[in-house]
Amino acid sequence: MAAITLDKITKRYPDGTEAVRGVDLEITDGEFIVFIGPSGCGKTTLLNMIAGLEDISSGELRIGGRVVNLLSPKDRDVAMVFQSYALYPHMTVRRNMAFPLKIARLPPGEIGRRVTRAAELLEIAEHLDRKPASLSGGQRQRVAMGRAIVRDPQAFLMDEPLSNLDAKLRVQMRTMISRLQRRLRATTLYVTHDQTEAMTLGDRIMVLRHGRMQQAGPPRELYDHPANLFVAGFIGSLAMNFLPGQLAGSSLSWPLGDVPLPAGTIRRLAEGNAPQDVIVGIRPEDFEDAALIDDAKRARGAAVVVRPDMLESLGSDVFAYFPVPRRRGAQAGELERVAAETGSSVAPGPERTFVARLSPATRAHQGVPLDLWLDTHKLRLFDAQDGTALDRDLNVLKR
């Protein structure tokens with residue numbers, strides 16, 4: 001396996017369109033990194049450039065310390081697993097997996113040893129003499145992965161390998177990929193639009209928007225300390241709630257009322273000379289029914305009064321939806337752009353919908369006022385003009 005370095009990698013088409021713009025990233029030996037972003041953000045194009053399937057317009061790509069910009073795909077020593085299984089229908093599983101080794105002219109004994117080992121790792125040894133048509137979708141994907149594993153490459157490149165599977169199979173395959181990567185200690189680059197896959201699989205996640213890297217870091221860092229409004233809106237399920245707000249001294253004024261800000265947040269805002277107009281983000285799980293909060297926890301937050309217009313009980317959680325007046329102003333444009341790109345567009349009208357994830361013990365009722373507690377330490381504040389995070393704790397990020 002090997003480290004991979006992306007040094008200002010850019011893809012520019014003849015018409016001037018830049019699909020990937022100056023991406024810088026160091027991928028360590030054995031690391032599992034996920035490229036994520038909305039459709040058209042450049043994640044698959046970037047993976048194809050690393051594989052050699054797309055030319056690099058500018059920048060330098062190094063695999064194992066060697067510059068590979070001008071090398072053909074077969075000379076880069078990487079293996080790719082595609083969204084489609086790309087299996088030969090007339091060949092058995094054994095022959096499909098052995099095919100790249102035969103092309104490389106390895107001895108028959110070595111080919112057999114590698115195929116058997118990969119089949120056992122992927123739990124498909126009993127299917128080696130079957131053809132792809134008689135396999136399930138999950139089994140076909142494992143065969144495609146086995147064909148990559150037998151090559152023993154420096155890196156695995158996976159382009160949305162689970163997107164053709166149903167929900168149950170995706171969970172099973174996700175678990176298998178994670179276990180397999182840990183066992184092989186293989187450098188793996190994984191493209192997906194599914195942030196659940198990204199959060200559960202990756203050692204680090206790189207978020208792309210319009211071909212530019214927005215942030216790269218461990219899943220928890222992106223979840224707790226997003227670099228900007230786009231990352232905050234893209235990472236997390238349910239999605240983060242956003243509302244416009246104004247800073248006034250030590251408090252925040254927003255459509256839910258005025259709430260005091262923690263001392264640490266006030267200090268960071270003052271150090272960064274934060275503007276008055278901001279966009280406020282808070283995740284659904286950072287709310288709770290105020291009646292269920294003890295005094296110690298209550299001191300970490302503030303209470304607001306809302307009127308839920310819809311409740312969804314999932315057994316372990318209750319999702320409470322409540323309307324908030326929509327305000328027009330400096331924040332509206334950036335909010336709506338990010339909402340459209342992250343797939344969380346709000347229906348047109350005079351109101352926005354907020355969602356809170358509550359304990360099943362909540363006493364909330366549809367249409368009845370509810371005292372809702374929120375953790376003010378979890379409020380995230382963003383510049384209304386460009387969406388940059390205003391209150392990131394750099395000391396936390398350096399740990």
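Everything quoted here is computed from the prediction, not taken from an experiment.
F99 belongs to a hydrophobic cluster whose remaining members, ordered by chain and number, are Y88, M91, I103; membership requires side-chain heavy atoms of ILVMFWY residues under 4.5 Å apart, directly or through intermediates. Cluster partners of W373, by chain and number: I293. The rule joins Ile, Leu, Val, Met, Phe, Trp and Tyr whenever side-chain heavy atoms lie under 4.5 Å apart. Cluster partners of L292 are absent, since no Ile, Leu, Val, Met, Phe, Trp or Tyr has side-chain heavy atoms less than 4.5 Å from it.
The ring pair (Phe, Tyr, Trp, His ring centres under 6.0 Å) contacts involving residues 282-318 comprise F287-F354, where partners must be two or more places apart or lie in separate chains. Residue pairs meeting the salt bridge (charged side-chain N to carboxylate O under 4.0 Å, His left out) criterion with at least one member in residues 107-122, sequence neighbours excluded, are E110-R113, E110-R114. Applying the ring pair (Phe, Tyr, Trp, His ring centres under 6.0 Å) definition to pairs two or more places apart or across chains, those involving residues 170-214 are F32-Y190. Residue pairs satisfying the salt bridge (charged side-chain N to carboxylate O under 4.0 Å, His left out) criterion with at least one member in residues 161-177, sequence neighbours excluded, are absent. Residue pairs satisfying the salt bridge (charged side-chain N to carboxylate O under 4.0 Å, His left out) criterion with at least one member in residues 76-93, sequence neighbours excluded, are absent. For residues 43-58, the set of pairs meeting the salt bridge (charged side-chain N to carboxylate O under 4.0 Å, His left out) definition, not counting sequence neighbours, comprises K11-E54.
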Review point. Step by step, would you call E18 with Y13 a side-chain hydrogen bond (donor to acceptor under 3.5 Å, both in side chains)?
Key: CA-CA 6 Å; E18 288 188 335; Y13 291 105; over 6 Å; no
Requested in this report: Start with the C-alpha distance between E60 and K8, add both sets of side-chain angles, then the distance that settles salt bridge (Lys or Arg N to Asp or Glu O under 4.0 Å), and finish with yes or no.
Outcome: CA-CA 7 Å; E60 190 172 88; K8 296 180 174 56; over 6 Å; no
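No side-chain donor-acceptor contact under 3.5 Å links T92 and D129. T388 and N228 form no side-chain donor-acceptor contact under 3.5 Å, judged by distance and modelled atom types alone. Residues R182 and S178 bring a donor and an acceptor atom of their side chains to less than 3.5 Å of each other. There is a side-chain donor-acceptor pair under 3.5 Å between D15 and T17.
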Distance-only check: which donor-acceptor pairs under 3.5 Å involve side-chain atoms of residues 67-74, not counting sequence neighbours?
unit_1: N69; atom_1: OD1; unit_2: L61; atom_2: N; d: 2.8
unit_1: N69; atom_1: ND2; unit_2: G59; atom_2: O; d: 2.8
unit_1: S72; atom_1: OG; unit_2: D75; atom_2: OD2; d: 2.9

With a 3.5 Å cut-off and sequence neighbours excluded, list the donor-acceptor pairs that the side chains of residues 236-245 form with protein atoms.
unit_1: N241; atom_1: OD1; unit_2: V355; atom_2: N; d: 3.1
unit_1: N241; atom_1: ND2; unit_2: I282; atom_2: O; d: 3.3
unit_1: N241; atom_1: ND2; unit_2: V355; atom_2: O; d: 2.8

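Partners of D317 by salt bridge (charged side-chain N to carboxylate O under 4.0 Å, His left out), not counting sequence neighbours, listed by chain and number: R357.
Ring-plane geometry between F230 and F234 is classed as parallel, the angle between the planes falling under 30 degrees on a 0 to 90 degree scale with a further cut at 60.
Shortest non-hydrogen contact noted between A320 and L311 is CB-CD2, 3.6 Å.
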